[in-house]
Amino acid sequence: MGIQLYNTLNRKIEPFKPIEEGKVKMYVCGPTVYNYIHIGNARPAVVFDMVRRYFQYKGYEVTYVSNFTDVDDKIIKAAEEMGEDVMAIAERFIQAYHEDTGALGVKKADIHPRVTDTMPEIISFIDRLTEKGYAYESGGDVYFRTKKFDNYGKLSHQSVEDLQLGSRIEVGEKKEDPLDFVLWKKAKPGEIKWESPWGEGRPGWHIECSAMVKKYLGETIDIHAGGQDLAFPHHENEIAQSEALNEKQMANYWIHNGYININNEKMSKSLGNFILVHDIIKQFDPEVVRFFIVNAHYRSPINFSDEQLESAKAGLDRIKTTYSNLQHRLEETADLGENRDKWQGQIEELHNRFIKEMDDDFNSANAVAAMFDLVKAGNLYLREKHSSKEVLQSFIKRLDDMAFVLGIQLKQEKALLDEEVEALIQERIDARKNRNFARADEIRDELKEKNIILEDTPQGTRWKRG
RNA sequence: GGCGGCAUAGCCAAGUGGUAAGGCACGGGUCUGCAAAACCCUUAUGCACCGGUUCGAAUCCGGUUGCCGCCUCCA
């Protein structure tokens, strides 16, 4: 069975059928770069990175595009406040975005288009919408004529009537209709601006994605992704723009991740209850943050707290400990293990379960459970008197596979200890041989102060960082 | 008002008809010079509440309560 995924368009889990055999074209809405990202912003970066990795693991060739909104009202405002240039701010936070998501194990997109680099396509897109009667100029702005697009509301499953009843839609003076949204904004004096057929200005927020998708991926793509809060109005508006112009379905699958909450409330910049990735990774290993995110299903809301991260850290440590124990054993094994077929069979069974769970709408929560079962099997195998290289390698290989999909790193680079510590460990080994346990315990405590934890195994003394 | 989600052990979290995954924490044990790691055992006769359908329901249907989200910039 292949990959199935929940499609917001139909509110159903559907089998994935690529437009082109073996290929996936995927677009993920990226950030507006005027600040460091908070962990709520990090969630889509992480979960869709995982989706991408999974497709790759299954042998698909993925083209992954994710934009940067590098000019808009918020950046302009931030620029004023900080007394900095708009472009300089954008550049700075694009770099920060790469650093923060990189720390979380997110691979860069194949293409990271920016609004400011897509201006000709955006302008031409708007121009053609006006030609087709879907857009109109009004006082230097250009608006999309929402009611002319018949399928408006198909993604968020809202009817145009109900949307109008919503009391909070503002009526712009320049709009023909309250539901119309802006494609092009006239520049105020002193603002950053571009030339257009409607005078100097800049693009509205939604149009960039429509233009970028078309430019880099085509008129119909496989998957369009983003946070749940983008479904309306952002994605709805993208659909309206793109489908009005291209007269083709914009994306076959729309997928949306759930929020990260704090005290059961959505983490958001406007509520001010956010935690920056930049800050949290000083307190916790970034991998722990990633593991925490992939440990839940991507569509479920997750509550964020230090306690939860501690729990995630303990779980991740369990996996890492087993992994490194397997590696050590592999280096030392005399290759004598019995019951190879039994163990190999079990490893494959757990790997298959992992795949089955990921196939089922990227159920990484269950996939992680399968991984923990593999860890447990590995620990049981490590208790056997003899082990075979072949079986140890299978354990390691399958853990590596799972770690790749989840985006966590199990392989530790061989850290070196300074000579002093090295000497203390040796002294302790000698002390234990001489049954001088008082001294041995003293050394162990001393090293623990330095965050080095010693373990005496049947294969000798091992150390790790705490 | 419209649309949608959630409610499962001390904490987190899977599970959409066949008798409750997994992680963390707690307790007991094995191993160990002692630890650590690991393993074993224990931990929800019950899945917000009330009805109903069914041989059988956490799962389906109806109702109730509570919490959250979108409808406005937001991942």
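- Of the two residues near RNA chain B, A:A42 and A:R432, the one whose nearest nucleotide lies more 5' is A:R432.
- Pairing of B:G62, defined by two Watson-Crick or G-U wobble distances under 3.5 Å, is identified with B:C50.
- Proximity note for A:R383 (side chain, C-beta onward) versus B:A13, B:U30, B:G69: the nearest is B:U30.
- Checked against a 6.0 Å centroid threshold, the rings of A:H235 and A:H256 count as neighbours.
- Using a 4.0 Å heavy-atom criterion, one finds that A:R428 contacts the bases of the nucleic acid, with or without backbone contacts as well.
- With both pairing distances under 3.5 Å, B:C3 is matched to B:G69 as a Watson-Crick or G-U wobble pair.
- In this structure, of B:G33, B:C40, B:A75, it is B:G33 that holds the atom nearest to the side chain of A:D441.
- Side-chain contact check for A:T322 versus A:N325: every heavy-atom pair is 4.5 Å or farther apart.
- Residue A:I37 is classed as having no contact, given no heavy-atom separation below 4.0 Å to the nucleic acid.
- Across the strands present, B:C39 finds its partner in B:G29; the criterion is a Watson-Crick or G-U wobble pair with both atom distances under 3.5 angstrom.
- Residue-level contact check: A:E455 touches the bases, meaning some heavy atom is under 4.0 Å from a base atom.
- Contact check, A:W205 against B:C74: a side-chain N or O comes under 4.0 Å of OP1 or OP2.
- Using a 4.0 Å heavy-atom cutoff across all strands shown, A:T321 reaches sugar-phosphate atoms only and no base atom.
- Across all non-hydrogen atoms, the minimal contact from A:K175 to A:D180 is NZ-O, 2.9 Å.
- When each of B:C74, B:G33, B:C12 is scored by its nearest atom to the side-chain atoms of A:F437, the top-ranked nucleotide is B:G33.
- Residue-to-nucleotide contacts include no donor-acceptor pair under 3.5 Å from the side chain of A:N41 to the base of B:C74.
- Listed pair A:K77 / B:C73 fails the phosphate criterion, with no side-chain N or O lying under 4.0 Å from OP1 or OP2.
- In this structure, the nucleotide among B:C71, B:A13, B:G33 sitting nearest to the side chain of A:A296 is B:A13.
- Taking all atoms of both residues into account, the shortest heavy-atom contact from A:N273 to A:S268 is OD1-N, 3.0 Å.
- When heavy atoms are screened at a 4.0 angstrom cut-off, A:R11 is found touching the sugar-phosphate backbone but no base atom.
- When A:H234, A:E236, A:Q241 are each tested for a side chain to side chain donor-acceptor pair (under 3.5 Å) with A:H206, only one passes: A:H234.
- Put simply, A:N363 has a side-chain N or O that comes within less than 4.0 Å of OP1 or OP2 on B:G15.
- Each of A:I453 and A:S311 lies near RNA chain B, and the nucleotide nearest A:S311 is the one positioned closer to the 5' end.
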